[in-house]
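Numbered from 1 within each chain, the chains take letters A, B, ... in sequence-line order. The structure presented is a predicted model; accordingly, all values stated were derived computationally and were not measured.
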2 protein chains.
Amino acid sequence: MKKEEKNLYEAKAKIFKALAHPTRLWIAEKLGQGECCVNNLVEPLGADFSTVSKHLSVLKEAGVVDDEKRGKQVFYSLKVPCVLGFMSCVEDVIENRIREQVGLLNRRKIDGVVKSSDILR
Amino acid sequence: MKKEEKNLYEAKAKIFKALAHPTRLWIAEKLGQGECCVNNLVEPLGADFSTVSKHLSVLKEAGVVDDEKRGKQVFYSLKVPCVLGFMSCVEDVIENRIREQVGLLNRRKIDGVVKSSDILR
DNA sequence: TGGTTATTTGGTTATATTACCAAATGTAAA
DNA sequence: TTTACATTTGGTAATATAACCAAATAACCA
């Protein structure tokens, strides 16, 4: 890879990286429903303020979200709604994986209840 | 986030994580043009065989690519072409970022040649 | 069988990411 | 101006990633 091409792929990777964390993915989807201040994200996530704040700054730095200070609060919003459009593709990948693993189990003639929590990872 | 919800977001994040590396992103796009064996990826990337092989296994583990051994070679292919569809969105994000930074520069009345390599990161 | 090619695996080291706590900042209300 | 609230920043420790080298495996050919 040439240097210039590498720069481009690093820039692209940065967007993926920003979304490559369960908490940040959750935040992105939440913001897809409308803007939200940090406080209102902290509680449902069950994480520290500072942790959530840092996740938000990663998303902001990547250009995925926007922030706006109004009064004492900072309101974050999803800047690029198209990221949500990718989720159905991601869910397809996950479904495929589950299907394959269920297939494997069946081929091995192991019967039993298969919980999604067993397969997703 | 409840445990089950967390599992789902971790599964989604895994897909993003798999693509969140310049090399792996490059590989995904390359495979979008057709299957390819490891050997043919190593040279243009300029990385070690083992490095490329490990990147491929991350992509495979995430369900993004498929592998098939034929003779001495292993052919990798893009299993989920929809990931490529997301790239235009990613490029939008990058373009926005560039536009904003150029805007910043102009507002600061700093003139000069702005190279994409300066801004992309 | 023994050698050659293609790829993967294991080990190691360097770097990056994440979470939490404590302290700092900024804003508004008393 | 003091106080309280909302958020960010800095520090630190634990864990995860990434790159390379060396060695192992696997498939084919002589």
- All side chain to side chain donor-acceptor pair (under 3.5 Å) counterparts of B:Asp67, not counting sequence neighbours: B:Lys60
- Task: Compare the minimum distances between each of D:dC20, D:dT17, D:dA19 and the side chain of B:Thr23, then state the nucleotide with the smallest one.
- Result: D:dA19
- Task: Decide yes or no for B:Trp26 and B:Leu41: does some side-chain heavy atom of the first lie under 4.5 Å from some side-chain heavy atom of the second?
- Result: yes
- Message: Quick check: on DNA chain C, is the nucleotide nearest A:Thr51 upstream (toward 5') of the one nearest A:Lys17, or the reverse? Name the residue that is more 5'.
- Response: A:Lys17
- Message: When you measure from the side-chain N and O atoms of B:Arg24 to the phosphate of D:dA18, is any distance below 4.0 Å, counting only OP1 and OP2?
- Response: yes
- Query: Counting just side-chain N and O atoms, does B:His55 come under 4.0 Å of either OP1 or OP2 of D:dA19?
  - Reply: yes
What are the atom names and distances for every N/O pair under 3.5 Å that joins the protein to nucleotides 5-8 of chain D?
unit_1 : atom_1 : unit_2  : atom_2 : d
D:dT7  : OP1    : A:Val38 : N      : 3.2
D:dT7  : OP1    : A:Val74 : N      : 3.4
D:dT7  : OP2    : A:Asn39 : N      : 2.7
D:dT8  : OP1    : A:Tyr76 : OH     : 2.7
D:dT8  : OP2    : A:Ser53 : OG     : 2.7
D:dT8  : O5'    : A:Ser53 : OG     : 3.3

- Under a criterion of less than 4.0 angstrom to any heavy atom of chain A, what are the 5'-terminal and 3'-terminal contacting nucleotides of DNA chain C? C:dT17 to C:dA28
Could you list the donor-acceptor pairs under 3.5 angstrom formed by side chains in residues 76-91 of chain A, with sequence neighbours left out?
unit_1  : atom_1 : unit_2   : atom_2 : d
A:Lys79 : NZ     : B:Glu100 : OE1    : 3.2
A:Lys79 : NZ     : B:Glu100 : OE2    : 2.4
A:Glu91 : OE2    : B:Lys12  : NZ     : 3.2

- Item | Any donor-acceptor N/O pair, A:Arg24 side chain to A:His55 backbone, under 3.5 Å | no
- With distance as the sole test, does B:Ser57 use its side chain to make a donor-acceptor pair with the main-chain N or O of B:Lys54 at under 3.5 Å? yes
- Note on the structure: The Watson-Crick or G-U wobble partner of C:dT7, with both key distances under 3.5 Å, is D:dA24
- Note on the structure: note: A:His21, atom NE2; D:dT17, atom C1'; distance rounded to Å ~ 14 Å
- Message: Please determine whether a side-chain nitrogen of the Lys or Arg among B:Glu35 and B:Arg70 lies less than 4.0 Å from a carboxylate oxygen of the Asp or Glu.
- Response: yes
- Message: A:Glu5: which residues meet the salt bridge (charged side-chain N to carboxylate O under 4.0 Å, His left out) condition with it, sequence neighbours left out?
- Response: none
- Item | Test salt bridge (charged side-chain N to carboxylate O under 4.0 Å, His left out) applied to A:Lys6 - qualifying residues, sequence neighbours left out | A:Glu10
